[in-house]
Student: 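Structure in structure tokens, see below.
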Amino acid sequence: MRKRVVLYMNQFFAGMGGEEAAHMPPEARTGLVGPGTAFAEAFGPEAEIVGTVVCGDNRYTEDMEGSRVLCLELLRSMSPDCLVAGPAFNAGRYGVACGDLCRAASRDLGIVAVTGWYPENPGKELYGNDVYAVPTPDSARGMKEAVPAMARLALRLLSGVRMGPAREESYLHRGIRKNFFHELDGASRAVEMGLKKFRGEPFRTELEMPVFKKIPPAAPVKDLRTATIALCSSGGIVPKGNPDRIRVSSAMSWGRYDVSGIDDLTPENYESIHGGYDRTWALEDPDRVLPLDEMRKLEREGVFGKLYDFVSLTTGTATSVANAERFGREIGEIFKRDGVDAAILTST
Amino acid sequence: MVREIERVAGIPVVQVATIVPIMVTVGANRIVPGIAIPHPLGKPGDPEEEHAVRRGLLLRALKAIVTPIESQTIFRE
Amino acid sequence: MKLELCKAFVRDVQWGKRTCLAGGVLQVDKVSALALFEGEKRFSSVDLDLARPGESVRIIPVKDVIEPRCKLSGKGECFPGIIGGPETVGSGSTLVLKGVAVVTVGPIVSIQEGLIDMSGPATEYNPYGQTCNVCLVVQPAKGVEKAEYETALRLAGIRLAWYLADVCRGAGVDETEVVEAADSVEGKAAECGADLPRFVYVCQAISQGLLHDTFLYGVDVKQILPTLLQPQEILDGAMVSANCVSACDKQNTFHHQNNPVVLELCRRHGKDLNFLGVIVTTEMMTLAGKIRSSEYTAKLARMLGAQVAIITEEGCGNPDTDICMNAKNLEEAGIRTVVIGNEVAGQDGSSQGLADVVPEMDAYVSCGNINEVVVLPPMERVIGDIRAIANVSGGDEKSIRPDGSIACEIQSIIGSTNELGISKIGCEWV
């Protein structure tokens, strides 16, 4: 059975005109439009172009929600197995429209969706982690290479075959890591890499070093004596019995516990569950990781205003950055809501 | 985690941790070096000394909270 | 130094009246083997069980895996400082029962260990689905301190492994691998010529406290400064694991004995590189300790005249700082570095995989994302206790499905992301 492919393109590639037609609303076309002929040839017998959705770039980007809904409706009516949008080359609005529609088609219609763009296209910045995109040159002169590349990727995805890494399948990766088995074991790969590096030959590192986001520091607290300060920890300290079953590593959750009636952490009321360090000392006295006892004393002495009633706790070992960031955001929202002035977070 | 709490709540957050390079890498702005991984605010041995050490680290963290800074800062005293 | 690894291939293991190896079948006399542990007061019960490749068997929770080896000739004895005395090992000849592994299995102490499956998808992730496993299943005696229990179980596994080789020392040898090189830097240069790049292997050994330790010649690595070894010493069991958690990347004693970086560099010595030797370094828990060991390591590498360093990590999290420091310090000393590690990229693979990074770590071999989830089918037989999966890093109570299959992160499978690079696993962008 031939796969049903629908193309998406903007007003220019559909032959409707340039900027003056950029406001045209979504429309369905039959037959082969613009690059449709090239796509039909590239797909060969395995798939057929059953229709084309066209929309003006300004229209889509100025009314994203509305345009998306209309385009999806038009798409749906063609019963597609696959959407191929663009290629957008380096056209920013076009890239955003392609990325947005591909993401929606994949999520809401559950179909394969493929686009193509120049790696600096703004569409990639916004949608690159959500859609399959083939790298293209920066202008329509690259159409000859882009079309077969997009068709090839679409057919691979449609076939349901187990996909290889992005670099082997020739698409721009979506920021996701996946395990594969190589020809050589890790040790051999390392020695080969070492020899290449020594000889000044090009080599491919298996993991590039990222650059972490930094934020400007928050303003300091003006008067400590009236400040509410919260204690947090990623050191795996939890109330005895770990009532919320926080994981010993790769934590998926964090817990919020009332310590307003507690002056001191002891093995009777709190414990350490962290899977990444020797817990002997923390079990003996959890204050060594979550310093409630001394904070309480400092509070009573008036060194600062008030110890926030709740401690926010989780385990930091092998916890993915995404989860850690999510916990941080959730905790931050609550602190904002409750007027917490500052926080101390301990980790192991 | 520290960075996101700070960003969302707009409040100073001090991280007390032993492996300072990691805290710097992940973007914590106010850092107080801890004692050791299994007991960042502890010093097993003499209980009196331990309480004094813990208190000292917390006072340093409180100092970090009231100190204006331009960029990531490690508070060593 | 010249070491002959005399391999006797084992393709099956059976119970027998006398422990011996003949015709590729290892027979184990349960009574004699268990007698090794008579009087060991730290255990309330000790038992042996056998698991063979292809069987529907799951072994959980696994503490360590050890390959049976003993000296046939040459100074000292395997596992120096434990079985052997303090003499330097790595010369003469060593019997290796190839195709057998001793697996120590113990109940919940605190945080638990991982699993080995003898069939199914988990066998892709470690060599132990293809070895005939002699499982030592133990329960600690009531009131035994964690430290005591760990020591006892560590020693028991090594003793059993050595016993199996020792009793079979008359067995026929199927294949001998010779690992030979000059002793000195000068000698190695003479046999390799000046053109071959001079490699050093920096082996980071975990040294962080109970359940996260390593022993070198019986010395707790927490207590050492970085030191030099001839590669043959590692092959004779000089490094022994006392690391009981993080199943995926803890180095089993078996991994040390079969260190793939050591073997690969030895095999290529004199051909396309000059393997100067091994620097064993620590993964300390304090910043000062990390800095001390890293600077010391770079100094040793410079004193040897190394031009390239392969660095391996054990574990993840704070040890990521050690590989960063080592990469930086060695590169600044003019030595090209390659690091072998793994990643903690989350179950969906979208997280930043390292706790620490540094621009100098630009040649990285990745041994997998530890968080990737696999579904392991139910097994007919469990050696140990299946409920241990709830406490194993990478699993939780919901891991066991009603049909007995397990959905868990590969973190729970012994050796699945081993950072010595013993397996072909890797990680790519998709």
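Only heavy atoms go into these numbers, but all of them, side chains included; no hydrogens, no water, no symmetry mates. Small disclaimer: the values here were computed from a predicted structure and weren't measured. Chain letters run A, B, ... following the sequence lines, proteins first, then strands; residues in each count from 1.
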Student: Considering only heavy atoms and a distance below 4.5 Å, find which of Arg204(A), Arg199(A), Arg174(A), Glu169(A) pairs most often with chain C.
Tutor: Arg174(A)
Student: What part of Leu420(C) gets closer than 4.5 Å to chain A, counting heavy atoms only: side chain, backbone, both or neither?
Tutor: backbone
Student: Once salt bridge (Lys or Arg N to Asp or Glu O under 4.0 Å) is applied, do any residues pair with Asp356(C), and if so which ones, sequence neighbours excluded?
Tutor: none
Student: Where do Tyr201(C) and Ile311(C) land on the side chain to side chain contact (heavy atoms under 4.5 Å, CB included) test, with the steps shown first?
Tutor: CA-CA 6 Å; Tyr201(C) 167 36; Ile311(C) 304 166; over 6 Å; no
Student: Counting heavy-atom pairs closer than 4.5 Å to chain C, which one of Glu168(A), His173(A), Met193(A) comes out on top?
Tutor: His173(A)
Student: I'd like to know which of Glu343(C), Arg336(C), Gln307(C), Met361(C) tops the heavy-atom pair count under 4.5 Å against chain A.
Tutor: Glu343(C)
Student: Which of these passes side-chain contact (heavy atoms from CB on, under 4.5 Å) with Val202(C): Ile310(C), Leu330(C), Val278(C)?
Tutor: Leu330(C)
Student: Under 4.5 Å, counting heavy-atom pairs only, tell me which of Pro260(C), Gly341(C), Gly426(C) racks up the most with chain A.
Tutor: Gly426(C)
Student: What part of Val358(C) is in contact with chain A, defined as an atom under 4.5 angstrom from a non-hydrogen atom: side chain, backbone, both or neither?
Tutor: backbone
Student: Quick one: which of Phe181(A), Phe203(A), Tyr132(A) has the most heavy-atom pairs under 4.5 Å with chain C, could you say?
Tutor: Phe181(A)
Student: For Ile410(C), is there any backbone N or O sitting under 3.5 Å from a side-chain donor or acceptor partner on Ser416(C)?
Tutor: yes
Student: Atom CD of residue position Glu145(C) - does it have more than 12 heavy atoms of other residues, nucleotides or ligands inside 6.0 Å?
Tutor: no
Student: Looking at chain C, which one of Arg177(A), Glu206(A), Met209(A) has the largest number of heavy-atom pairs inside 4.5 Å, strictly under?
Tutor: Arg177(A)
Student: Quick one: which of Leu195(A), Leu207(A), Asn179(A) has the most heavy-atom pairs under 4.5 Å with chain C, could you say?
Tutor: Asn179(A)
Student: Is it true that the side chains of Asn243(C) and Glu314(C) contain a donor and an acceptor less than 3.5 Å apart?
Tutor: yes
Student: Which region of Tyr171(A), side chain (C-beta onward) or backbone (N, CA, C, O), has a non-hydrogen atom less than 4.5 Å from a non-hydrogen atom of chain C, or is it both or neither?
Tutor: side chain
Student: Regarding Lys290(C) and Asn318(C), do their side chains bring together a donor and an acceptor under 3.5 Å, going by distance alone?
Tutor: yes
Student: Establish, from distance only, whether the side-chain atoms of Thr314(A) and Ser234(A) form a donor-acceptor pair under 3.5 Å.
Tutor: no
Student: Side chains of Gln347(C) and Asn371(C): donor-acceptor distance under 3.5 Å anywhere?
Tutor: no
Student: If contact means a heavy atom pair closer than 4.5 Å, which residues of residues 182-190 of chain A contact chain C?
Tutor: His182(A), Glu183(A), Leu184(A), Asp185(A), Gly186(A), Ala187(A), Ser188(A), Arg189(A), Ala190(A)
Student: With a 4.5 angstrom heavy-atom cut-off, is it the side chain or the backbone of Val308(C) that approaches chain A, or both, or neither?
Tutor: side chain
Student: Taking every non-hydrogen pair under 4.5 Å, which of Thr337(C), Asn259(C), Ile335(C), Leu263(C) racks up the most with chain A?
Tutor: Thr337(C)
Student: Under 4.5 Å from any heavy atom of chain C, what part of Phe180(A) do you find: side chain, backbone, both or neither?
Tutor: both
Student: If I measure from the heavy atoms of chain A, does Ile425(C) come under 4.5 Å with its side chain, its backbone, both, or neither?
Tutor: both
Student: Between Glu284(A) and Arg288(A), is a salt bridge (Lys or Arg N to Asp or Glu O under 4.0 Å) present by the stated rule, with each step listed?
Tutor: CA-CA 9 Å; Glu284(A) 243 173 47; Arg288(A) 287 173 170 148; 3.0 Å; yes
Student: Name all pairs fulfilling the salt bridge (charged side-chain N to carboxylate O under 4.0 Å, His left out) condition that reach into residues 258-271 of chain C, sequence neighbours left out, sorted by first residue then second.
Tutor: Glu192(A)-Arg268(C), Glu177(C)-Arg267(C), Glu264(C)-Arg268(C), Arg268(C)-Asp272(C)
Student: Would you say the side chain of Asp287(A) lies within less than 4.5 Å of the side chain of Tyr270(A), judging by non-hydrogen atoms?
Tutor: no
Student: In this structure, are over 12 heavy atoms from other groups packed under 6.0 Å from Glu125(A) atom CD?
Tutor: no
Student: Between the side chains of Asp249(C) and Asn342(C), is a donor N or O closer than 3.5 angstrom to an acceptor N or O?
Tutor: yes
Student: How about Lys328(C): does its NZ atom have over 12 heavy atoms from other parts shown lying under 6.0 Å from it?
Tutor: no
Student: For Phe199(C), is it the side chain, the backbone, both or neither that has a heavy atom under 4.5 Å from a heavy atom of chain A?
Tutor: side chain
Student: With heavy-atom distances below 4.5 Å as the criterion, would you say the side chains of Asp213(C) and Ile206(C) are in contact?
Tutor: no
Student: Checking side chain to side chain donor-acceptor pair (under 3.5 Å) between Gln204(C) and each of Thr312(C), Asn326(C), Thr282(C), which is the one that passes?
Tutor: Asn326(C)
Student: Give me the contact list for residues 154-165 of chain A versus chain C, heavy atoms only, anything under 4.5 Å, ordered by residue number.
Tutor: Gly164(A), Pro165(A)
